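In what follows, a structure is listed as structure tokens, so that the remarks can point back to it.
Below, all heavy atoms of this structure are taken into account, side chains as well, without hydrogens, waters or symmetry copies. Fair warning: this is a prediction, and the values are worked out from it, not measured in the lab.
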Amino acid sequence: ADGQLIGNARWQHPGLAALELQAQGNLAQLQLALGLGPELQAQARLQPLAPQPLQSLAFKARDLDLRRLHPQAPQTRLTGRLDATLDAQGQATIQLDLRNAAARRLDQNGWPLRAAQAALTLKLQDWRALRLQALDVDLGDAQRSAGHLTLQQAMGYAREVETALR
């Protein structure tokens, strides 16, 4: 477990963005980094020999157009991050903060999500144990909101639900 691994790989499919992978570490602690140009970066921290190998995962997007991943995806300009940490019992704590500067209707080949923030916990072995602490979603197009949903949790029960549809 004390030997070091350092590796790089690059994959490119015609018409799509290049995907780059970097790995560094050993069997006790391994760091992975994945990049899709400057628009999407991901990092993972692994302990391959531990009962729960995945320790943390982070995604960071900057003006990401989903069409770079697949030509039939809706047009977007996503900026934000998703951070997840996992404990030894397999419980994940997840934070999401995302904005879409190119929000538009589905019939305009867009994605009507303007912004989303969320905080939740999840047991990996039992997805039914999902606990949503907060959720805030803003739908519409880039110029105006068409609806807003806010959820907050206190003591295991939804404390506040606020919606506004226009």
Output the distance between atom CG (Leu98) and atom CG (Leu82), rounded to the nearest 0.5 Å. 9.0 Å

How long is the span from the CD atom in Gln75 to the CD atom in Gln108, to the nearest 0.5 Å? 10.0 Å

How long is the span from the CG atom in Leu122 to the CZ atom in Arg128, to the nearest 0.5 Å? 12.0 Å

Gln133 and Thr121, any side-chain heavy atoms less than 4.5 Å apart: yes

Does Leu21 reach the side chain of Leu19, with side-chain heavy atoms less than 4.5 Å apart? no

Main-chain N/O of Leu54 paired with Gln52 side-chain donor or acceptor, under 3.5 Å: yes

Are any side-chain N or O atoms of Asp65 and backbone N or O atoms of Thr76, one a donor and one an acceptor, separated by less than 3.5 Å? yes

Compare every heavy atom of Ala115 with every heavy atom of Arg99, then report the nearest pair and how far apart it is. NH1-CB, 3.2 Å

In terms of heavy-atom contacts, Asn100 and Trp111 come closest through ND2-O, 3.3 Å

Are Arg81 and Asp97 close enough for a salt bridge, meaning some N to O gap below 4.0 Å? no

Atom CD of Gln152 and atom CG of Leu135: how far apart are they, to the nearest 0.5 Å? 10.0 Å

Could you see if Trp11 belongs to whatever hydrophobic cluster contains Leu34? Use Ile, Leu, Val, Met, Phe, Trp, Tyr and a side-chain cutoff under 4.5 Å. yes

Candidate list Arg68, Arg77, Arg67, test salt bridge (charged side-chain N to carboxylate O under 4.0 Å, His left out), partner Glu39, passing option: Arg68

Just wondering, do Gln29 and Arg45 contact through their side chains at under 4.5 Å, heavy atoms? yes

Can you find a heavy atom in the side chain of Asp83 that is under 4.5 Å from one in the side chain of Ile94? no

For Gln143 and Gly140, indicate whether the former's side chain and the latter's backbone hold a donor-acceptor pair under 3.5 Å. no

Going by heavy atoms in the side chains, are Leu106 and Pro74 under 4.5 Å from each other? no

Minimum heavy-atom distance between Leu36 and Ala18, given as atom pair plus value: CD1-O, 3.4 Å

Do you know the tightest heavy-atom contact between Ala142 and Ala101? CB-O, 3.5 Å

Nearest 0.5 Å please: distance from the CZ atom of Arg105 over to the CG atom of Leu139. 14.0 Å

Are Ile6 and Leu27 connected in the hydrophobic side-chain network, where two residues link if heavy atoms are under 4.5 Å apart? no

For Leu113 and Ala116, the nearest pair of non-hydrogen atoms, with its separation, is CD1-CB, 4.1 Å

For Gln12, is the CD atom crowded, meaning more than 12 foreign heavy atoms sit under 6.0 Å from it? yes

With heavy-atom distances below 4.5 Å as the criterion, would you say the side chains of Gln55 and Leu86 are in contact? no

Would you give the length of the straight line joining atom CG of Leu120 to atom CG of Leu151, rounded to the nearest 0.5 angstrom? 12.0 Å

Least distance between heavy atoms, Ala103 atom then Arg114 atom: CB-CG, 3.8 Å

Using modelled atom types only, decide if a donor and an acceptor are shared between the side chain of Asp136 and the backbone of Gln117 within a distance under 3.5 Å. no

